[in-house]
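Just below is one structure, and these are the notes that go with it.
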Number of protein chains: 2
Amino acid sequence: MRLTTKGRFAVTAMVDLALRGGDGPVTLAGISERQRISLSYLEQLFGKLRRHALVESVRGPGGGYCLAKDMHTVSVADIIRAVDEPIDATQCGGRENCHDDHRCMTHDLWTKLNDKIYEYLASVTLGDLVESQHVKNIAVLQDKREAAQTPAGKSAAYI
Amino acid sequence: MRLTTKGRFAVTAMVDLALRGGDGPVTLAGISERQRISLSYLEQLFGKLRRHALVESVRGPGGGYCLAKDMHTVSVADIIRAVDEPIDATQCGGRENCHDDHRCMTHDLWTKLNDKIYEYLASVTLGDLVESQHVKNIAVLQDKREAAQTPAGKSAAYI
DNA sequence: CTTTACTCGACTAAAACAATCGGGTATTAT
DNA sequence: ATAATACCCGATTGTTTTAGTCGAGTAAAG
């Protein structure tokens, strides 16, 4: 499992898509603006996401992208795997730095680490992220309301 | 926590060191030969390991490196941190791709992942790796003995 | 038949990484 | 002394990966 900003961008874009998937296709131009990710880069990412059947596209005016599956059945691991294709395991499978009886002295270590990372990323779904985002927005609203009740100017938060 | 071959090499080298630390300092030239890691690269790595107080050096003929601590008190995380210095957390702390209320939509995700990775690497000590290596060597010896008992030429393993 | 918006592959700039080089210094043995 | 061993360290280099761009094309709607 490789972890780059490409994967992070893809996850962010997919959350954005999931958040507004309700009313028809979402354009990349919109995601680009909201998430500040370059349009051409998004096109590249969504090409891969589409080929991995995570999203569906609608061409022409009014077109855009939709989630291909229920957001609760898509894990973060699925998304990262789609854009960061080579899943790079332990980098120890027959390389020149492994030899003799010393071969892969640390092989198990990296394999297990990989499993742990994968396990976690596979346990979090797009739906989870969307929900926690909603919780945050509610918190923001509550903060604003509380701020409004607090006497002018001073925030209660830092007392 | 950054994960590169540099960190992997450092862990491998430290296991080698721990395995033969019994009889005095171990030379980098020896580690280089056994683990097929370039000497100059090892010098670079061990400079960092020494500055992080994970190893101690003895100069001059008969010199080399020793573990500075008991192998059971040194975790893999310690080693990787020593050589891959900037611990690169979520790459989301105030970057241009985070903005407005959407800021860090996936921030918690990456923070938690980082914690998981760190947690695992901190749970494995150099001593653990050395022990599992011993177990392997015993297994290899047993394999050889069994192979010797098997009638000539044919291995029993693939039947 | 023009606009919107996806499609695709090739290309480039910049950063990170792996590794090397060259000239040191401390210590031991002869 | 002085030669050999082996650590010390900063600067540099070559390569790969990553991030991001460009341009030409296609499908669909109005």
Side-chain angles (χ1 to χ4, degrees), chain A residues 1-13 17 24-33 35-68 80 82-88 91 95-97, chain B residues 1-13 17 24-33 35-68 80 82-88 91 95-97:
Chain A
M1 181 72 46
R2 198 175 341 178
L3 301 168
T4 68
T5 69
K6 190 188 249 173
R8 271 190 279 267
F9 279 166
V11 173
T12 302
L17 181 56
V26 179
T27 67
L28 292 190
I31 297 177
S32 167
E33 202 179 319
Q35 306 301 334
R36 305 260 188 271
I37 304 172
S38 107
L39 179 57
S40 344
Y41 203 33
L42 278 176
E43 287 179 340
Q44 215 179 83
L45 296 180
F46 273 78
K48 294 187 178 187
L49 292 171
R50 189 176 51 80
R51 269 170 247 129
H52 281 80
L54 295 181
V55 298
E56 278 164 5
S57 63
V58 180
R59 298 181 123 193
Y65 284 93
C66 311
L67 288 181
I80 293 182
V83 297
D84 270 340
E85 317 217 20
I87 298 203
D88 164 51
Q91 223 153 9
R95 289 261 301 238
E96 60 274 277
N97 49 315
Chain B
M1 181 73 46
R2 200 177 337 181
L3 300 169
T4 68
T5 70
K6 190 187 249 173
R8 270 190 280 266
F9 279 166
V11 173
T12 302
L17 182 56
V26 179
T27 67
L28 292 189
I31 297 177
S32 167
E33 202 179 318
Q35 305 302 334
R36 305 262 188 266
I37 304 171
S38 107
L39 180 57
S40 346
Y41 203 33
L42 278 176
E43 287 181 339
Q44 214 180 83
L45 296 180
F46 274 79
K48 293 186 178 188
L49 292 171
R50 190 175 52 80
R51 270 169 247 130
H52 281 80
L54 295 181
V55 298
E56 277 164 6
S57 63
V58 180
R59 297 180 125 196
Y65 285 92
C66 311
L67 288 182
I80 293 181
V83 297
D84 270 339
E85 318 217 18
I87 299 203
D88 163 52
Q91 224 154 7
R95 287 263 300 241
E96 59 274 278
N97 48 316

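Just so you know, these numbers use all the heavy atoms, side chains as well, and skip hydrogens, waters and symmetry mates. A, B, ... follow the sequence lines: proteins, then strands. Residue 1 opens every chain. This is a predicted model, so every value here is computed, not measured.
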With a non-hydrogen cut-off below 4.0 angstrom, is [X] in contact with a base, only sugar-phosphate, or nothing?
X	answer
Phe46(B)	nothing
Gly62(B)	sugar-phosphate
Ser40(B)	base

Between [N] and [X], is there an OP1 or OP2 to side-chain N/O distance shorter than 4.0 Å?
X	N	value
Arg50(B)	dC8(D)	yes
Ser38(A)	dT21(D)	yes
Tyr65(A)	dT7(C)	yes
Thr27(B)	dC7(D)	no
Ser57(A)	dA5(C)	no

Starting from [atom2] on [N], measure out to [atom1] on [X] and report it in whole angstrom.
X	N	atom1	atom2	value
Leu45(B)	dA19(C)	CG	C1'	10 Å
Arg51(B)	dC7(D)	CZ	P	14 Å
Arg8(A)	dA19(D)	CZ	C1'	13 Å
Leu17(B)	dC7(D)	CG	P	11 Å
Ile37(A)	dT21(D)	CD1	P	12 Å
Leu42(B)	dT20(C)	CG	P	10 Å
Lys6(A)	dG20(D)	NZ	P	11 Å
Glu56(A)	dA27(D)	CD	P	18 Å

For this session: Between Arg59(A) and Pro61(B), just flag the one whose closest nucleotide in DNA chain D comes earlier from the 5' side.
Result: Pro61(B)

Problem set entry | Close side-chain approach of Ile31(B) to Phe46(B), heavy-atom, < 4.5 Å | yes

Can you name the nearest heavy-atom pair linking [X] to [Y], along with the distance?
X	Y	result
Pro25(B)	Cys66(B)	CA-SG, 3.8 Å
Val55(A)	Tyr65(A)	CG2-CD2, 3.8 Å
Ala82(A)	Lys48(A)	O-CB, 3.6 Å

For this session: Specify the residue among Tyr41(B) and Leu39(A) whose closest nucleotide of DNA chain C lies further upstream toward the 5′ end.
Result: Leu39(A)

For this session: Please answer whether the main-chain N or O of Ser38(B) pairs with a side-chain N or O of Ser32(B) as donor and acceptor at a distance below 3.5 Å.
Result: no

Problem set entry | Polar side-chain contact Gln44(A)-dT21(D) base: donor and acceptor under 3.5 Å | yes

For this session: Check if the side chain of Glu43(B) and the base of dT20(C) share a donor-acceptor pair of N or O atoms closer than 3.5 Å.
Result: no

Exercise. When rounded to the nearest 0.5 angstrom, what distance separates CG in Leu17(B) from OG1 in Thr12(B)?
Worked result: 12.5 Å

Exercise. From the list dT3(C), dG24(C), dC6(C), which nucleotide is the closest neighbour of the side chain of Leu28(A)?
Worked result: dC6(C)

